Amino acid sequence: MKGSSESNSRGLNNTSGVSEFCTDGSKSLSHIDYVRSLLGSHKEDNLVGLDDDSIVRALECEDVSLRQWLDNPDRSVDAFECFHVFRQIVEIVNAAHSQGIVVHNVRPSCFVMSSFNHVSFIESASCSDSGSDEDATTKSREIGSSRKDEFLSERRSKQLEEVEKQPFPMKQILAMEMSWYTSPEEDNGSPSNCASDVYRLGVLLFELFCPVSSREEKSRTMSSLRHRVLPPQILLNRPKEASFCLWLLHPEPSYRPSMSELLQSEFINEPRENLEEREAAMELRDRIEEQELLLEFLFLIQQRKQEAADKLRDTISLLSSDIDQVVKRQLVLQQKGSDVRSFLASRKRIRQGVETAAAKEENDDNIIDEEESKLDDTLESTLLESSRLMRNLKKLESVYFAMRYRQIKAAAAAEKPLARYYSALSSNGRSSEKSSMSSPTQLPKDPINDSRQGGWIDPFLEGLCKYLSFSKLRVKADLKQGDLLNSSNLVCAIGFDRDGEFFATAGVNKKIKIFECESIIKDGRDIHYPVVELASRSKLSGICWNSYIKSQVASSNFEGVVQVWDVARSQLVTEMKEHEKRVWSIDYSSADPTLLASGSDDGSVKLWSINQGVSIGTIKTKANICCVQFPSESGRSLTFGSADHKVYYYDLRSPKLPLCTMIGHNKTVSYVRFLDSSTLVSSSTDNTLKLWDLSMSISGVNETPLHSFMGHTNVKNFVGLSVSEGYIATGSETNEVFVYHKAFPMPVLSYKFKTIDPVSDLEVDDASQFISSVCWRGQSSTLVAANSTGNIKILEMV
């Protein structure tokens, strides 16, 4: 054999390569020709004019070893796919045989698959490292330059990394693969020949059509294959493939088909769909799926946009309806205005004479028209120039729509019983004509009729007007006390008497101080002194005036004691000591001035009779009680806030279970205040105030507040809460006073306490200071606020 030791040829006995088998003993293939022949005729055109580096680059694609592909546990047998792979390998082997070359490495580890299952022959790492027993000591031949060695080394490491993820360890499989693909004659010591390659093709065909899931099963199946014993499933399910496989695996080489017979066999030439047609069909299917995906995406967007358009259409329809209602009201008011002017003009004519009155009437009309025109211009200017309105336009809009949708929902719910009534009449056969005429199904599409539709206008307009009525909080007076520098001046509570004449302060300095409000406002003194000062044994947490007995005030302290004082006499009236821990809050009943309630850290709410000096009832809970309040019109109910984040509303005639539980806060509820008999506001250290409608509870639970007021900061301290005429005042840990209105969730006004350094007399920023208490002066626009240093200011909305 010529050139068996040269790098461009392979020895006859080197089973890791390809034997050159020539009848004249002189035939040799260059490396380029050899690779061309193995890659097949469909690759040949691409290799014309390429050097060795180009061939290596051509193999640097993201291919996968055929061994890895066969051993993939998720592989399912696709007959066409398997035949396509087998046909390509047959063509590669036939190309070698046609040139008199025996391919020893017809094994899966020596082939790689690229896109669309194109198969290429390559002497992979697994092939190079494994040879027959005859040439185990023979060194594998290099394929070209050192660059190819580096490429093959990288390819080897990548294959090993990928194969580690497979259920079959690579080294063991490669070792067994050598024995699986060794023909019987080679086992008997005969040299490998073309019939041996045909045997190996039979083993490969079996592996393609008979996948196994475990290494042990693979080993048993392949051992049986040496004896031409096939698994029952391939015999039953794929008889043609099994029969052809047994032909190729015949133990006698002479009984195996040659490559020409194999290519001319019925199995190989059986009509099957063309590869190009299959690829085209797959590509077409992918394109159809992509178009379907795009279509689905567009339909989804269209649906969402259509829903948005429908919602916008409904919104515009609702706005148009509301505009019509407001215009109608405006026309009615203008008509009433004309009637009033006509009535006044008639009285003037009676009093002054017809001619004089007529002239005066015309003059008055002109003046009124001018005033109305000026008023319209002023209103328009106010709306346009109001930065507060424009700044909060989106929030006002959300409140408006929330109010309207609540009204529509309530009206629709009210109409359901009416619909059932008409349905019952119709089913009984009575008044069928009347029922058909007056049934709600005959009403217009809008569920709200004209008489109900304008019900939203008054409350919303009232809230809007009150929201825009004031522009700022102005300091009317600054209460200056002689002990202002005392570190224990934190004011915990402020309360006005029934007439708004006096207000009391109580705090950690253990003193109740009574001030006359008007004298502080009018007198510009450097230091203000209380008209009455009452001393307590403990720090004070709460204070409340009796709404009936003007001089009576109650207090609560940190020791759990409730005290009743007579301010006029400056003495203690009664003291009640039944709470086990600190009492946070107390409140007198406006309906029953002898009834007092208190809430404590011991988890109890106690009802006191000030005449008896003892508790007359107790509501026991599992959490600390931070605040209590009676509604102004009744002494039969009570609400309180708890450290369990909830607000409870009780009917005192049945105190075992709450009538309503309001759930919505995330932290301790520190204050509760009634706005009216069915509406209350709660404050929490979760930075919010929440507005509740008691009539909206379902099965005794209300989880949907009307509004959540946000803008102030409150995460740690009790900052005060007070209500007046729909306005809600609260403090903030930013040392600011915030005022809200019940109609809108954003602040109406705010005022920041200035911190003055007593030494430099300059304004400084002290983050530790916070507003600790606020209180409205009755039903007025004036309120008193105090901060954690005892600084007290009388503020007024202007």
Side-chain angles (χ1 to χ4, degrees), residues 406 410 413-414 542 544-548 554 556 562 576 578-579 583-665 668-684 689-707 721-723 728 742:
R406 274 200 306 269
C544 182
W545 289 81
N546 192 309
S547 60
Y548 184 76
S556 59
V562 177
M576 295 166 282
E578 295 185 24
H579 282 293
V583 176
W584 277 113
S585 174
I586 54 173
D587 189 47
Y588 272 110
S589 170
S590 300
D592 183 358
T594 65
L595 187 62
L596 183 68
S598 62
S600 168
D601 272 342
D602 62 11
S604 68
V605 175
K606 289 190 177 291
L607 302 173
W608 309 90
S609 171
I610 60 174
N611 292 335
Q612 301 177 27
V614 294
S615 66
I616 58 175
T618 301
I619 300 174
K620 192 67 179 176
T621 68
K622 297 181 180 180
N624 303 36
I625 306 301
C626 302
C627 50
V628 295
Q629 175 134 68
F630 288 101
S632 58
E633 295 85 0
S634 174
R636 298 177 179 176
S637 55
L638 178 75
T639 187
F640 56 85
S642 172
D644 64 2
H645 313 167
K646 299 175 184 177
V647 180
Y648 298 92
Y649 178 68
Y650 273 81
D651 185 339
L652 298 179
R653 294 168 295 183
S654 179
K656 292 184 178 180
L657 292 173
L659 199 61
C660 178
T661 302
M662 284 146 277
I663 303 172
H665 284 294
T668 298
V669 179
S670 49
Y671 298 94
V672 287
R673 295 289 184 268
F674 275 96
L675 287 165
D676 54 52
S677 59
S678 63
T679 310
L680 61 87
V681 61
S682 59
S683 174
S684 170
L689 310 178
K690 292 188 184 295
L691 186 67
W692 306 92
D693 186 348
L694 294 174
S695 64
M696 293 178 62
S697 62
I698 301 174
S699 300
V701 177
N702 187 344
E703 297 180 306
T704 54
L706 297 176
H707 291 308
L721 181 69
S722 184
V723 297
I728 304 166
K742 66 178 182 179

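Note that the structure is predicted; figures quoted are calculated from it, not measured. Numbering starts at 1 and runs along the sequence shown.
With 3.5 Å as the limit, one finds a donor-acceptor pair spanning the side chains of Asp676 and Thr679.
Atoms NZ and OG1, on Lys690 and Thr704 in that order, are 11.0 Å from each other to the nearest 0.5 Å. Between Trp608 atom CH2 and Leu595 atom CG the span is 12.0 Å, to the nearest 0.5 Å. The distance from atom CG of Leu694 to atom CH2 of Trp692, rounded to the nearest 0.5 Å, is 10.5 Å.
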Next on the checklist: Please evaluate residues Val669 and Ser642 with respect to the criterion side chain to side chain contact (heavy atoms under 4.5 Å, CB included), reporting the C-alpha separation (whole Å), side-chain torsions for both, the decisive distance (0.1 Å), and the verdict.
Outcome noted: CA-CA 5 Å; Val669 179; Ser642 172; 5.9 Å; no

Item to check | Derivation of the side chain to side chain contact (heavy atoms under 4.5 Å, CB included) call for Ile625 and Ser600 | outcome: CA-CA 5 Å; Ile625 306 301; Ser600 168; 5.8 Å; no

Item to check | Residues Met662, Ser682; criterion side chain to side chain contact (heavy atoms under 4.5 Å, CB included); working and verdict | outcome: CA-CA 10 Å; Met662 284 146 277; Ser682 59; over 6 Å; no

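Here Asp644 pairs with nothing under the salt bridge (Lys or Arg N to Asp or Glu O under 4.0 Å) rule; sequence neighbours left out. With sequence neighbours excluded, the residues that form a side-chain contact (heavy atoms from CB on, under 4.5 Å) with Asp693 are Ser678, Ser695, Met696, Leu706. With sequence neighbours excluded, the residues forming a side-chain contact (heavy atoms from CB on, under 4.5 Å) with Ser585 are Cys627, Val628, listed by chain and number. Applying the ring pair (Phe, Tyr, Trp, His ring centres under 6.0 Å) rule to Tyr648 yields the partners Phe640; only residues at least two apart in sequence or on another chain are considered.
Inter-residue side-chain proximity for Leu680 and Val723 is flagged as unmet; no heavy-atom pair is nearer than 4.5 Å. Between Ser670 and Ser683 the shortest side-chain heavy-atom distance falls below 4.5 Å. Within the 4.5 Å cutoff, the side chain of Ser598 has heavy atoms near those of the His579 side chain. Within the 4.5 Å cutoff, the side chain of Lys742 has heavy atoms near those of the Leu691 side chain.
Among pairs with a residue in residues 610-628, those fulfilling side chain to side chain donor-acceptor pair (under 3.5 Å) read Glu578-Ser615, Asp601-Asn624, Lys606-Thr618, at least two apart in sequence or across chains. Residue pairs meeting the side chain to side chain donor-acceptor pair (under 3.5 Å) criterion with at least one member in residues 628-638, sequence neighbours excluded: Ser637-Tyr649.
Minimum heavy-atom separation, Ser609 to Ile616: CB-CG2, 3.9 Å.
At least one donor-acceptor pair under 3.5 Å links the side chain of Asn546 to the backbone N or O of Pro593.
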